[in-house]
Undergrad: 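Before anything else, here's the structure in question.
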Amino acid sequence: MVISSKFLDALTPSSIRSITAKIRDKAKEGVQVTSFAGGLPSKEFFPIEDIRKINDWIFEEEGGEAIQYAASDGYDPLRQYLVKFMQRYQVTDIDYKNILITSGAQQGLAYLAKGLITNGSVVIVENPSYPGALDTFRAYGAKIVGVGMDDDGLKMDELETALKKHTKGVAFIYTIADFQNPTGRSMSIERRKQLVELAEKYDTFVVEDGPYSLISFDGTVMPAIKSFDKYGRVIYSGSTSKTIAPGLRIGWLIADHESITKLVYLKMRDDLQVNNIAQRQVYRYLKDCDFDGHLQTVIDVYRRRRNVMIDAVKNSFPEGTHIVVPGGGLFLWLELDPSVDTLAMFDYVFQKNIAYVPGVFFCPDGSGKNAMRLNFSTASEKSIAECVPILGDMIRQYIQEQ
Ligand code: PMP
């Protein structure tokens, strides 16, 4: 007998997973796909030796306590360290009780969805946005409303129109303000301040998701929206997935003390606590190893890969391709001629063992048909320089054959 409920039966695999499955099928046939579709940081730079060393320290210093049951709100030394860490984003007005450690940012987003969305409530998001968040919000009953972006991020006039329209029940506004997934755009400081004011005016919350903020190619780290939050309207979500390693699954939520207490109760009902060892690994890595040196290495590599990708796109994609040049993060967002349907084109390009993510996967309103997201963090400069022109040729051929 298969388990069944309204909730379970409505769940579907993520749209990007359909691409991952195709890539896996090819791998089984012994064919290596050059995937620009993933959203992964590059594993060649994961600080394996440091983590190995840290594991020894943990057990030498703490013995069994390190793998004992522990508090649901998180490992206090890590929470305390993150208070200091958040100064990088100019978030200064917090203490460790404002922080809940989560199993990656994804778990934090799921807690906010479970806690704040009631059936039919609206969640306003950037259009396009991160499908992993959209799927989670939908799973807990949200109606997703997308608001347009320009080079300064979410458009505040459109946002206000949406807030006015949905007078009842905007659970929160979800934004990835720095080097957004998928567009690579960042929100201007002026708009960050306006966003806080709009959340206050329309009595809702901002969920600020910041996994890419430190992957900044010119080294500038923007003040978080949370740093302008005079009203307690912004819940910040952080993660070390893109800066250390995603498999450690360390993220954190920042909110006022009472909200954190409620989220801790939710966590107690969910998984009791985040893995002790991972919390210690991240704490000791940030505190005792060369996190900034590591970050700089990753930034330098990603910047070079981005540059190679942009040059290759400029030289090989059809005329009229619009490139959003990202100042950081992992992604390049491209808009082709409006007549091109990138979802329909996917299998045609995939014949050459190259993958990308079609733009529609990111757009809650079904727009983005002529867009695609390319990831530049995982492939080498050589592979990008070789494969992007093949992708460009395939797109030209596809257009000709239509
Ligand atoms: N938010 C965004 C915008 C992401 O792109 C991702 C992962 N790609 C996540 C959250 C989830 O990150 P984590 O590994 O911390 O759960």
Side-chain angles (χ1 to χ4, degrees), residues 14-17 19-20 35-43 46 74 78 82 85 89 99-114 123 125-139 144 146 149 153-154 172-187 206-216 222 224-226 235-254 267 270-271 274-275 278-279 281-282 285-286 298 302 326 328-333 357 361-364 373-378:
S14 79
S15 41
I16 295 182
R17 194 156 281 237
I19 295 177
T20 325
S35 177
F36 299 121
L40 313 181
S42 190
K43 68 178 179 217
F46 291 164
L78 175 61
L82 289 173
F85 191 80
Y89 314 89
I99 298 181
L100 167 68
I101 306 297
T102 57
S103 178
Q106 194 68 30
Q107 188 180 53
L109 297 177
Y111 287 167
L112 296 173
K114 281 187 208 179
V123 172
V125 303
E126 288 148 347
N127 185 36
S129 185
Y130 163 53
L134 307 189
D135 288 344
T136 297
F137 303 155
R138 279 192 200 102
I144 305 288
M149 303 174 80
L154 198 59
F172 52 84
I173 304 157
Y174 170 70
T175 174
I176 309 150
D178 299 318
F179 315 125
Q180 199 237 13
N181 180 3
T183 65
R185 287 181 176 126
S186 295
M187 190 184 290
V206 174
V207 172
E208 177 181 22
D209 188 7
Y212 303 103
S213 311
L214 297 182
I215 314 279
S216 166
M222 296 275 271
I225 301 166
K226 182 75 188 153
I235 302 166
Y236 180 90
S237 164
S239 169
T240 51
S241 284
K242 308 301 185 307
T243 53
I244 305 179
L248 299 176
R249 306 306 302 132
I250 294 295
W252 61 98
L253 287 175
I254 302 180
K267 187 158 193 49
D270 180 12
D271 66 348
V274 171
N275 180 317
Q279 294 190 71
Q281 286 166 335
V282 167
Y285 187 71
L286 292 173
V298 170
Y302 293 176
L330 312 186
F331 306 112
L332 190 65
W333 180 252
V357 187
F361 288 4
F362 304 93
C363 298
R373 188 193 76 178
L374 298 182
N375 164 274
F376 52 75
S377 58
T378 38

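Just follow the structure's listing: the first ligand is 1, and inside any ligand the first atom is 1. Residues take their numbers from the sequence shown, with the count starting at 1.
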Undergrad: With sequence neighbours left out, what residues match F36 under ring pair (Phe, Tyr, Trp, His ring centres under 6.0 Å)?
TA: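 Partners of F36 by the ring pair (Phe, Tyr, Trp, His ring centres under 6.0 Å) criterion come out as none, since no residue qualifies.
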Undergrad: For ligand 1, would you mind listing the residues that have at least one heavy atom less than 4.0 Å away, ordered by chain and number?
TA: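 Contacting ligand 1 under 4.0 Å are G104, A105, Q106, Y130, Y174, I176, N181, D209, P211, Y212, S239, S241, K242, R249.
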Undergrad: Is there a donor-acceptor pair closer than 3.5 Å between any side-chain N or O of Q281 and the backbone N or O of L248?
TA: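 Side chain of Q281 to backbone of L248: no pair is present.
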Undergrad: List the steps, then state whether side chain to side chain donor-acceptor pair (under 3.5 Å) holds for Q106 with Y111.
TA: CA-CA 9 Å; Q106 194 68 30; Y111 287 167; over 6 Å; no
Undergrad: Do the rings of F85 and W252 sit parallel, tilted or perpendicular, given the 30° and 60° boundaries?
TA: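 Correct class here is perpendicular.
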Undergrad: In chain order, what residues pass the salt bridge (Lys or Arg N to Asp or Glu O under 4.0 Å) check against R185, with sequence neighbours excluded?
TA: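 R185 satisfies salt bridge (Lys or Arg N to Asp or Glu O under 4.0 Å) with D151 only.
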Undergrad: Check salt bridge (Lys or Arg N to Asp or Glu O under 4.0 Å) between K242 and all other residues, then give those that pass, not counting sequence neighbours.
TA: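 By the salt bridge (Lys or Arg N to Asp or Glu O under 4.0 Å) rule, K242 matches no residue at all.
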